[in-house]
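Whatever order the structure lists ligands and atoms in, that order sets their numbers, starting from 1. Given the structure is predicted, the values throughout are model-derived calculations rather than measurements.
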Amino acid sequence: MSTIILGIESSCDDTSAAVIKDGLLLSNVIASQKVHEEYGGVVPELASRAHQQNIVPVVDTALKRAGIGRHDLSAVAFTRGPGLLGSLLVGTSFAKGLSLGLNIPMVDVNHLHGHVLSHFIRNNPDDEVPEYPFLCLLISGGNSQIILVKGYNDMEVLGQTIDDAAGEAFDKCAKVMGLPYPGGPHIDRLASEGDASRFKFARPHIPGLDYSFSGLKTSFLYTLRDAKKIDPDFIEKNKADLAASLQHTIITILLDKLRKAVDITGVKTVATGGGVSANSGVRQAISDFCNERGLKAFIPARSFTTDNAAMVAIAGYYKFLDRKFCSYNDVPYARVTI
Ligand code: KG4
């Protein structure tokens, strides 16, 4: 008999549902919330309400696209955390209702595990997936971590940010430049037209494999503030070079520690994931580094870098095979690490 998992993701501002059958992806539907744009960031209460409106049609569409009836489901997997508590509650409550109504097990998924395991989402049985152990550079709006992945449920954080995440560095510096939220994609686009060697910003000197981005943010802010005193149009005139230099600095910081982690662990495979892994410069730098060192690189399709239920469904699929179910008493958690 086939194993068919419905995945539900509602940790932030994307409502998503996906269906995976025997490890292969049949559908992945994402409803993004436009309601936050005018506020320059995600408004938690608005996010929860939008999830409530979206979740039934999103799940319905995912099942239809997959050609699966709800009675065919083996289990429902859902993001239990970390994320916005109100948003997580919508997905968790929906999963509980569905599980009770259909009398099928429920599998809880750590959102961060989902990002790491996005490399195991396959459309065809012969699609290549990473071999354990591998390193995953998980870079998003809330996290910057180097993770040693020894198994689908066996992950060790080797280093992480002690202040801002890489995505926050992109977004906060973009805000100083007057770019819309989230600024990461705008910096990416501008950087392709700029000179990355034009400006120099502070780089951290943190021991071990931990990251820090707050010094870079401050030096970026001061550079712009001082330059604007002399020329009020400084940002407008130099935006491409500023974006390229900022992106280059972030990539250098990320790659320095990744290189160290490879040297320490001796792994042969490097993966990346999370929203910032959509960045063209980051993708190119990881791929060049892996080529130079003879490592296998796994860089996710852009659609799997941001929040999606396919990664929840695949993480849930592996837990389901190991009969690791959760109980109706389990509640969402806002904060958790790997
Ligand atoms: O994983 P994600 O969707 O969710 C959160 O952690 O909230 O990551 C969002 C982050 C934001 O900081 C956004 O600016 C960044 O990913 N991001 C990018 C790019 N696309 C998204 N940063 C740089 N370049 C991009 N192309």
Ligand 1 atoms in contact with A278 (distance to a heavy atom under 4.0 Å) = 20 (N), 26 (N)
Atom 12 (O) of ligand 1 has as its nearest protein heavy atom D171 OD2, 2.6 Å
Location of contacts on T306 toward ligand 1, heavy atoms closer than 4.0 Å = both
Flag for S214-D164: side-chain donor and acceptor within less than 3.5 Å = no
Short N-O contact, R198 and D241, less than 4.0 angstrom = yes
Which bit of D188 is near ligand 1, meaning a heavy atom under 4.0 Å away: side chain, backbone, both or neither?
-> side chain
Within a radius of less than 6.0 Å around OH of Y132, do more than 12 heavy atoms belonging to other residues, nucleotides or ligands occur?
-> yes
contact_flag G142 ligand 1 heavy-atom lt 4.0 Å = yes
Charged N-O contact under 4.0 Å between K268 and E131 = no
For atom 24 (N) of ligand 1, what's the nearest protein heavy atom and its distance?
-> N279 ND2, 3.0 Å
Can we call the ring centroids of Y317 and F120 under 6.0 Å apart?
-> no
Please identify which atoms of ligand 1 are closer than 4.0 Å to at least one heavy atom of G167.
-> 12 (O)
So which of G141, G184, G275 gets nearest to atom 1 (O) of ligand 1, if we judge by its closest heavy atom?
-> G275
Would you call K319-D108 a salt bridge at under 4.0 Å N-O?
-> yes
